[in-house]
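Beneath this line is the structure, given in structure tokens, with notes to follow.
Every chain is numbered from 1, with letters handed out A, B, ... down the list of sequences.
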Amino acid sequence: MMKTGRYLIKQISVFSENRPGRLAAIAKALEEENVNILAFSIAEADGFGVVRALVDNPKKAHEKLTGIGFNVAFTDVIAVKMRDTPGGLYEIAKMLGDGQINIEYSYAYSGKEGAVLILRVDDADQAVRLIASCGATLLESSVFQ
Amino acid sequence: MMFWDPRIEEMPREELQRLQYRLLKTLVYRLYSFSPFYHDRMKKAGVHPDDINVLADIRKLPFMYKRDLRDNYPDKIFVAGQDDLVRYHVSSGTTGKPTVVGYTRNDLDNWTASLARGLTSCGLGRGDVLQVSYGYGLFTGGLGLHYGAERLGATVLPTSVGNTERQIELMQDLHTTAIACTPSYLLHMGEVAEKMGVNIRDDTSLRMGILGAEPWTDTMKARIEEWLGIKAYDIYGTSELSGPMFSECSEQKGFHVWGDLAFIEVLDPETGESLGPGEKGELVVTMLQKEALPMIRYKIGDITSYEDGVCACGRTHPRVMRISGRVDDMLIIRGINVFPSQIEYALMTVPEVGQHFQIIVDRKGALDDMLVRVEVSRESFSDKITDLMGIRKNVEHKLRNTLNVAVNVELVEPGSLPRFEGKAKRVIDRRQL
């Protein structure tokens with residue numbers, strides 16, 4: 001059995017009211033702690049939002065943000081390398097679909113080493129095994145953190 | 001000028017006061033003998049029925065409050081037995097518990113007669129069609145107006161609240177001449193009618209509105225009268241008095257409080273001193289003839305003033321001006337009484353949100369809109385949007401069940417709502433009446 005733990009990356013999720021300045025407050029706090037944001041997304045619901053971010057030091061980020069009053073939670077996500085050419089996303093999405101893995105949400109970034117897809121799925125262990133067995137590249141959490 | 005009961009309505013003031021004294025004396029003896037609750041109250045206040053020897057002696061009697069009904073839920077202070085009760089109504093209390101009022105046959109008769117007099121005094125009569133757009137059911141508004149108007153021979157169209165488009169169609173098809181509802185609902189109706197291409201002033205037979213159950217102002221009255229081309233009459237009451245009870249006459253200078261049914265005082269809310277005509281204070285009402293649930297010196301919490309002189313319409317009974325405010329933090333949302341304490345109580349049952357909250361009341365179009373802001377607790381925050389939406393839905397549901405009025409809920413960050421030392425100011429009322 002493959003060890004999946006090292007592919008589970010700690011994302012921070014921050015509850016935010018839907019009003020001007022909230023993202024700035026979060027970003028400023030992270031800057032003050034010298035925490036680097038590698039990727040992030042904002043999910044918007046009626047009147048509030050959840051800011052999700054991959055950072056190089058999630059523990060420090062959590063402490064800082066909680067300290068200034070934010071509601072913060074850790075969530076496990078996985079990161080998959082994508083081809084940065086047309087069809088890159090399709091390959092990964094098809095693989096997950098065929099394997100009956102449901103994506104709860106996802107965001108992507110295109111870095112120096114290529115494109116990376118961040119995924120929150122219903123069953124991370126199973127997703128890791130499937131992706132590895134299909135020959136795609138998963139990024140270990142140590143790459144970020 | 002039409003009168004429903006001219007003997008009473010034009011009764012000379014001295015005779016009316018003698019009648020009030022007799023009714024008060026009888027009432028106090030009855031309660032001292034048959035109401036353990038009020039007997040106890042009088043004992044504690046050191047007053048005996050024999051101490052009531054002139055009408056002004058009413059000031060010796062102890063007050064009653066809304067909380068007396070709540071504390072004695074559901075019917076512990078009723079004086080009538082089950083065999084004599086013919087109806088219940090239920091309204092929301094200041095906390096989670098509602099308050100129950102009960103009626104004997106005579107109570108219903110007096111309630112209906114009071115409205116028959118009032119509605120006649122503002123010109124409603126046989127041949128009129130009164131659309132009753134107050135809620136029917138546990139709320140007193142619908143059934144109260146219904147029986148009052150039927151008694152005087154008007155045709156009642158019991159539309160109750162909601163389904164505004166259908167209300168407007170029926171208003172046209174059945175030639176409604178009068179409507180009973182909250183002033184804000186009537187304004188809303190006017191807006192909906194315009195969207196339907198119906199102009200209430202020109203395309204309907206509506207000529208009068210009997211409007212109440214929420215605070216309103218001269219500005220709103222002027223707008224309703226000018227825009228809709230009708231006369232707007234104020235009506236006042238609360239379930240503890242029976243329901244909607246007293247309405248304005250054609251002079252539109254305050255609602256007549258029938259002296260044979262009720263005795264009013266206006267007191268300085270700070271000192272408790274009795275105030276004279278024209279002076280603003282807290283309205284205190286004693287119901288002189290209620291059987292099932294007598295109310296003595298009941299402090300409703302409304303701020304207003306009264307006029308004592310004989311009205312130009314010929315009626316000798318005192319008039320009370322439109323309610324201008326509250327002594328407590330009660331809000332009226334779409335005609336329904338809402339106390340912030342009810343919200344506090346409801347939130348205690350939802351551990352996912354803290355006990356801090358803020359209420360923002362606004363008018364969206366003509367209707368009241370209430371937003372309750374609550375903080376998501378740290379323990380219950382998860383990354384899942386659906387969980388957060390679920391918390392919000394749950395709070396909305398709980399508040400709706402407690403308050404009987406639809407509420408929007410906004411989730412806010414923990415610690416972001418103002419904290420108070422001493423008296424909390426949790427309500428932001430942005431309504432421009």
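Of all heavy-atom pairs spanning B/Ile385 and A/Ala45, the tightest one is CG2-CB, 3.8 Å. Taking every heavy atom of both residues into account, B/Leu388 and A/Phe15 meet most closely at CD1-CD1, 4.0 Å. When every heavy atom of A/Ser13 is checked against every heavy atom of B/Asp383, the shortest pair comes out as OG-OD1, 2.6 Å.
Counting non-hydrogen atoms of other residues, nucleotides and ligands closer than 6.0 Å to OH of A/Tyr109 gives a total above 12. With a 6.0 Å radius and a threshold of 12 heavy atoms from other residues, nucleotides or ligands, A/Lys59 has its NZ atom at or below the threshold. The number of heavy-atom neighbours closer than 6.0 Å to NZ of A/Lys64, taken from other residues, nucleotides and ligands shown, is above 12. When the shell of 6.0 Å around CZ of B/Arg166 is examined, it contains 12 or fewer heavy atoms from other residues, nucleotides or ligands.
The existence of a salt bridge linking B/Arg373 and A/Glu17 is confirmed by a sub-4.0 Å separation between a basic side-chain nitrogen and an acidic carboxylate oxygen.
Residues of residues 21-35 of chain A lying under 4.5 angstrom from chain B, judged on non-hydrogen atoms, are A/Arg22 by number.
In this structure, the side chains of B/Met389 and A/Phe48 come closer than 4.5 Å at one or more pairs of heavy atoms.
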Quiz item: Going through the checks in order, is the side chain to side chain contact (heavy atoms under 4.5 Å, CB included) test met by A/Asp46 and B/Glu410?
Solution: CA-CA 8 Å; A/Asp46 197 2; B/Glu410 185 178 304; over 6 Å; no
Quiz prompt | Evaluation steps, side chain to side chain contact (heavy atoms under 4.5 Å, CB included), between A/Thr66 and B/Arg378 | solution = CA-CA 9 Å; A/Thr66 305; B/Arg378 293 189 188 285; 4.0 Å; yes
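For A/Glu104, the salt bridge (Lys or Arg N to Asp or Glu O under 4.0 Å) partners at least two apart in sequence or on another chain are A/Arg120.
In this structure, no portion of B/Thr386 lies under 4.5 Å from any heavy atom of chain A. Contacts between A/Phe70 and chain B at a heavy-atom distance below 4.5 Å involve backbone atoms as well as side-chain atoms.
To the nearest 0.5 Å, atoms OG (B/Ser416) and CG (A/Asn71) are separated by 10.0 Å.
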